[in-house]
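The structure appears below as structure tokens.
Read the numbers this way: they start at 1 and go in the same order the structure lists the ligands and their atoms.
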Amino acid sequence: MRALGVLISGRGSNLQALITASEAPDYPARIALVIANRADAGGLQLAAAAGLPTLVIRHQDHADRASFDAALDAALRSAGVDLVCLAGFMRLLTPGFVAAWRDRLINIHPSLLPSFKGTDGPAQAVAAGVRIAGCTVHMVRAEMDAGPILVQAAVPVRPDDTEATLAARILTAEHIALPRAVALVASGRITIAGEQVHYHDAEAAAAASVFLA
Ligand code: GAR
């Protein structure tokens with residue numbers, strides 16, 4: 001059983017997907033701590049409602065990124081966390097933090113990486129006119145929105161989509177992809193070798209690709 005730390009900055013719908021998944025008796029991870037970098041992050045209420053420990057670590061209270069990340073690191077370790085999930089966490093982490101949690105640090109991004117990195121994946125997809133969009137769950141590397149891809153989920157882009165309608169469709173896919181990727185890692189059914197992901201069985205490999213109509 002892995003002890004999960006979840007880092008959030010806002011609404012927390014992906015956190016809620018993890019909470020719901022982890023309440024199943026056979027789910028291979030439990031949420032040990034939820035940390036928000038903003039006191040007004042809606043996800044804090046979701047965590048509290050689920051009876052989970054929460055912490056607010058405000059980036060403004062730290063002189064630089066290194067000291068903010070050191071505070072995150074200390075809180076995660078003292079909670080016994082051994083797998084960290086960035087679920088809508090809108091801060092860039094330092095290379096030192098990323099190295100310390102290498103292959104134990106998972107991010108969800110609302111695009112089919114390596115396309116559309118950055119903060120506005122759905123808007124970039126609409127602007128580019130792509131006909132398929134989606135989300136990516138990946139291991140974090142020092143470079144933003146890069147790292148071994150664990151799970152991707154694809155959704156169609158409709159001709160009348162706006163950023164908001166496409167983001168909502170992608171979010172539905174995120175809520176499937178994130179708990180699934182965490183389960184694959186936490187159960188040891190996939191391992192990371194360098195920049196490659198090894199799926200240990202056909203079922204795990206099949207779970208890595210999600211297609212929603
Ligand atoms: C999600 O769409 C997530 O993919 C995105 O922020 C949203 C958070 O929603 N993350 C990024 O864009 C990271 N670059 P949530 O708070 O409801 O989970």
- prompt: Applying side-chain hydrogen bond (donor to acceptor under 3.5 Å, both in side chains), which residue pairs with at least one partner in residues 178-193 are found, sequence neighbours left out?
  reply: R189-D201, T191-H200
- request: Could you check whether the rings of F89 and F68 sit parallel, tilted or perpendicular, using 30° and 60° as the cut-offs?
  value: parallel
- request: Starting from I132, walk the hydrophobic network (Ile, Leu, Val, Met, Phe, Trp, Tyr; side-chain heavy atoms closer than 4.5 Å) and list everyone else you reach, by chain and number.
  value: L112
message: Connecting only ILVMFWY residues whose side-chain heavy atoms lie within less than 4.5 Å of each other, what is the rest of M90's hydrophobic cluster?
response: none
Check ion pair D160-R158 (N to O, under 4.0 angstrom): no
Between the protein and ligand 1, which nitrogen or oxygen pairs come in under 3.5 Å, and how far apart is each?
from, atom 1, to, atom 2, distance (Å)
ligand 1, 2 (O), E174, OE1, 3.2
ligand 1, 2 (O), E174, OE2, 2.8
ligand 1, 4 (O), E174, OE1, 2.6
ligand 1, 4 (O), E174, OE2, 3.4
ligand 1, 9 (O), R11, NH2, 3.1
ligand 1, 14 (N), H109, ND1, 3.4
ligand 1, 16 (O), G12, N, 2.8
ligand 1, 17 (O), R11, NE, 2.6
ligand 1, 17 (O), R11, NH2, 3.3
ligand 1, 17 (O), S13, N, 2.8
ligand 1, 17 (O), S13, OG, 2.6
ligand 1, 18 (O), S13, N, 3.4
ligand 1, 18 (O), N14, N, 2.9
ligand 1, 18 (O), N14, ND2, 2.9

E195/R102 salt bridge by N-O under 4.0 Å criterion: yes
